[in-house]
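Worksheet: the structure to be examined is printed underneath.
The shown structure was predicted, so the numbers you read here are calculated from the model rather than taken from an experiment. Just so it is clear, the values below take in all heavy atoms, side chains as well, and ignore hydrogens, waters and symmetry mates. Note that ligands are numbered from 1 as they come in the structure, with each ligand's atoms numbered from 1 the same way.
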Amino acid sequence: MINIAIDGYVGSGKSTLAKGLAKKLNYKVLDTGAIYRGLACAYKAGGYGEVCQESIDNFLNNCKTIEIFFKDELQHVVVCNVDYTQYLRTEEISMLAAQISPYKNLREKVKTIQQDFASKNNCIIEGRDIGTVVLPNADIKFFITASEEIRANRRFAQIKETPNSPTYENILKDLRERDYKDEHRLIAPLKPAKDSIIIDTSNMNLEQTIEYCLKIIKLKIN
Ligand code: DC
């Protein structure tokens with residue numbers, strides 16, 4: 001199977017890039033952040049309280065099944081038989097996912113799901129530690145970045161029309177907090193693998209980024 005890893009910062013455009021590339025290549029795409037978000041929803045629903053090693057252990061003891069399935073191109077995340085897909089994208093779940101994701105035993109559970117998916121599909125897997133930890137032997141590794149302000153602006157443009165949407169300043173603040181958490185955790189911190197191709201999309205639109213990555217993929221895979 002051909003496996004392409006895409007890692008990168010919050011709001012760097014990696015999810016949209018992964019979907020665009022998958023369409024062109026006819027590959028499957030796995031959004032691993034959605035798995036952490038699904039677990040955060042289940043953690044919240046279970047009322048496990050403030051996040052600490054003990055609460056994570058309790059949660060994982062009770063969390064018997066994590067399933068991923070695809071319907072109409074949408075990735076669903078089902079934890080303990082509850083489909084949390086429609087609740088994944090709130091700011092509260094973003095912050096909770098960032099809080100629970102540093103725990104080693106939780107990451108190990110998610111790693112198994114990701115590796116199983118990669119072993120069965122030609123796919124693009126996007127996240128934070130795919131090139132470094134989950135698929136160290138991926139055929140191609142991209143690491144996507146863009147300036148903080150550009151990433152916050154992109155996010156603001158996506159959600160500014162929705163009711164109660166946060167201000168640009170709040171988005172920028174959340175993004176910095178999440179970057180800090182992702183980069184400074186002890187287990188699987190966000191960083192490019194030694195053999196990653198780093199792409200700064202600050203001055204590139206989606207089409208340009210897709211074309212650029214496709215050229216690299218064709219060179220490396222054919
Ligand atoms: O990509 P995202 O914003 O949907 O990710 C949600 C959270 O999950 C993010 O705070 C970091 C965490 N995450 C991770 O630790 N490792 C991954 N491979 C993907 C996401």
>> For residues 189-211, which residue pairs pass the ring-ring contact (aromatic ring centres under 6.0 Å, His included) check, not counting sequence neighbours?
In response: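 Non-adjacent pairs meeting ring-ring contact (aromatic ring centres under 6.0 Å, His included): zero.
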> With the threshold set at 4.0 Å, does a side-chain nitrogen-carboxylate oxygen contact exist between K191 and E183?
Replying inline: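 Result for this pair is no, no salt bridge flagged.
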> When Y36 is tested against each of D31, V77, V110 for side-chain contact (heavy atoms from CB on, under 4.5 Å), which residue passes?
Replying inline: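 So, applying the side-chain contact (heavy atoms from CB on, under 4.5 Å) to Y36 and each of D31, V77, V110, only V110 qualifies.
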>> Under the criterion side-chain hydrogen bond (donor to acceptor under 3.5 Å, both in side chains), I'd like the reasoning laid out for Q53 against D57: C-alpha separation, chi angles, the key distance, then a yes or no.
In response: CA-CA 6 Å; Q53 186 63 62; D57 293 348; 2.8 Å; yes
For ligand 1, output the ligand-protein N/O contacts shorter than 3.5 angstrom; if there are none, return none.
unit_1, atom_1, unit_2, atom_2, d
ligand 1, 1 (O), R128, NH1, 2.8
ligand 1, 1 (O), R128, NH2, 3.4
ligand 1, 3 (O), R37, NH2, 3.0
ligand 1, 3 (O), R128, NH2, 3.3
ligand 1, 3 (O), R178, NH2, 2.7
ligand 1, 4 (O), R37, NE, 2.7
ligand 1, 4 (O), R37, NH2, 3.4
ligand 1, 15 (O), R107, NH1, 2.8
ligand 1, 15 (O), R107, NH2, 3.4
ligand 1, 15 (O), R185, NH1, 2.9
ligand 1, 15 (O), R185, NH2, 3.0
ligand 1, 16 (N), R107, NH2, 3.0
ligand 1, 18 (N), T32, OG1, 3.0
ligand 1, 18 (N), R128, N, 3.1
ligand 1, 18 (N), D129, OD1, 3.0

> Under the 4.5 Å side-chain heavy-atom rule for ILVMFWY, direct or indirect, which residues accompany Y180?
Replying inline: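 Grouped by the 4.5 Å side-chain rule, Y180 forms a cluster of one, so the answer is none.
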> In the hydrophobic clustering (ILVMFWY, side-chain contacts below 4.5 Å, transitive), which residues join F143, or is it alone?
Replying inline: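 ILVMFWY cluster around F143 also holds Y9, L190, I198.
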